[in-house]
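Indexing begins at 1, ligand by ligand and atom by atom, following the structure's order. Atoms considered below: every heavy atom in the structure, side chains included; atoms not considered: hydrogens, waters and symmetry mates.
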Amino acid sequence: MTEARDRKQVKLPAEYEAEQQHKSSNIDRRRFMNYTGWLGILGSLGIALLGFLRFLFPRVLFEPRTEFKAGNPNDYAVGAVDTRYLNSERVYIIREEDGFYALSGVCTHLGCTPAWLASENKFKCPCHGSGFKRSGVNFEGPAPRPLERHKIVLAEDGQLLIDKGKLFRQEKDEWNKPEAFLYL
Ligand code: FES
């Protein structure tokens, strides 16, 4: 009887090896589950961290400024088409007897910069020959409509303040609007 029991407890090498392999495959599976668990946790933490960093550095669109100050009204001669801000801002500032308007230096045909020809009292576009009167109204060449005007007001410090982000179009009857012309 004892002999039979002892025989049951003593394992043959093949059985022993199979048991060891089973154990080791169990351990491997457990390790694998551990690794994937940790990977999942670390992945979630990484995503949460990225979200936090994204919150700290929001995507902000920095748009170029559209306003600029153009000095004291008395710096401008009555009747002059002033070109001092043409290169930097592409804007003509025109002073009349009763006030100012700011004319865009962008041709309404394909966007070249019309030149002011004082002797001919007109703007002439060098690209395709469009002509614009002193007021900005087109009268020759392919330009389909007048030059645009920009908002012009007096700043608190008394300087001219021009906003290129605000446009007034003659064909839409917008040149009569208050900020399209600065009355003095
Ligand atoms: S771009 Fe001015 S006429 Fe063509």
Side-chain angles (χ1 to χ4, degrees), residues 43 46-184:
I47 289 169
L49 183 67
L50 281 177
F52 179 66
L53 289 175
R54 170 91 177 69
F55 173 75
L56 285 182
F57 303 99
R59 261 186 230 156
V60 180
L61 187 61
F62 293 100
E63 293 190 351
R65 60 157 184 82
T66 59
E67 289 186 347
F68 69 96
K69 285 186 177 174
N72 194 296
N74 293 330
D75 296 343
Y76 293 83
V78 174
V81 173
D82 197 285
T83 60
R84 75 184 80 174
Y85 291 99
L86 184 62
N87 286 339
S88 59
E89 306 289 348
R90 281 186 96 181
V91 172
Y92 285 103
I93 297 174
I94 293 106
R95 176 160 192 185
E96 303 290 24
E97 288 281 351
D98 52 351
F100 288 84
Y101 58 96
L103 208 53
S104 165
V106 179
C107 179
T108 52
H109 179 222
L110 291 176
C112 294
T113 304
W116 171 244
L117 306 180
S119 59
E120 298 176 43
N121 199 33
K122 70 177 185 182
F123 297 95
K124 186 74 175 170
C125 184
C127 292
H128 313 99
S130 288
F132 302 87
K133 294 179 184 169
R134 173 193 172 82
S135 62
V137 171
N138 55 314
F139 68 94
E140 64 181 356
R145 57 191 178 82
L147 297 175
E148 290 164 344
R149 291 188 184 184
H150 296 299
K151 172 182 169 182
I152 181 166
V153 293
L154 272 187
E156 282 179 5
D157 60 3
Q159 290 192 59
L160 296 173
L161 179 68
I162 291 158
D163 185 354
K164 295 188 294 177
K166 178 74 182 160
L167 293 168
F168 299 96
R169 291 169 63 160
Q170 189 263 0
E171 70 276 18
K172 290 185 173 177
D173 212 17
E174 292 175 339
W175 283 5
N176 295 323
K177 290 191 173 177
E179 293 174 332
F181 191 97
L182 173 62
Y183 287 95
L184 290 181

Environment of atom 4 (Fe) of ligand 1 in terms of protein N/O/S atoms, cut-off under 2.8 Å: His109 ND1, His128 ND1

Hey, is Glu179 close enough to Lys166 for a salt bridge, meaning N to O under 4.0 Å? no

Indicate, with yes or no, whether the SG-to-SG separation of Cys107 and Cys125 is under 2.5 Å. no

Of all pairs that satisfy side-chain hydrogen bond (donor to acceptor under 3.5 Å, both in side chains), the ones with a partner from residues 146-160, not counting sequence neighbours: Lys69-Asp157, Arg145-Glu148, Asp157-Gln159

Who passes ring-ring contact (aromatic ring centres under 6.0 Å, His included) against Trp116, sequence neighbours left out? Phe123

Mind checking whether His109 and His128 have parallel, tilted or perpendicular rings, split at 30° and 60°? perpendicular

List for me each residue that meets ring-ring contact (aromatic ring centres under 6.0 Å, His included) alongside Phe100, sequence neighbours excluded, and say none if there are none. Tyr76

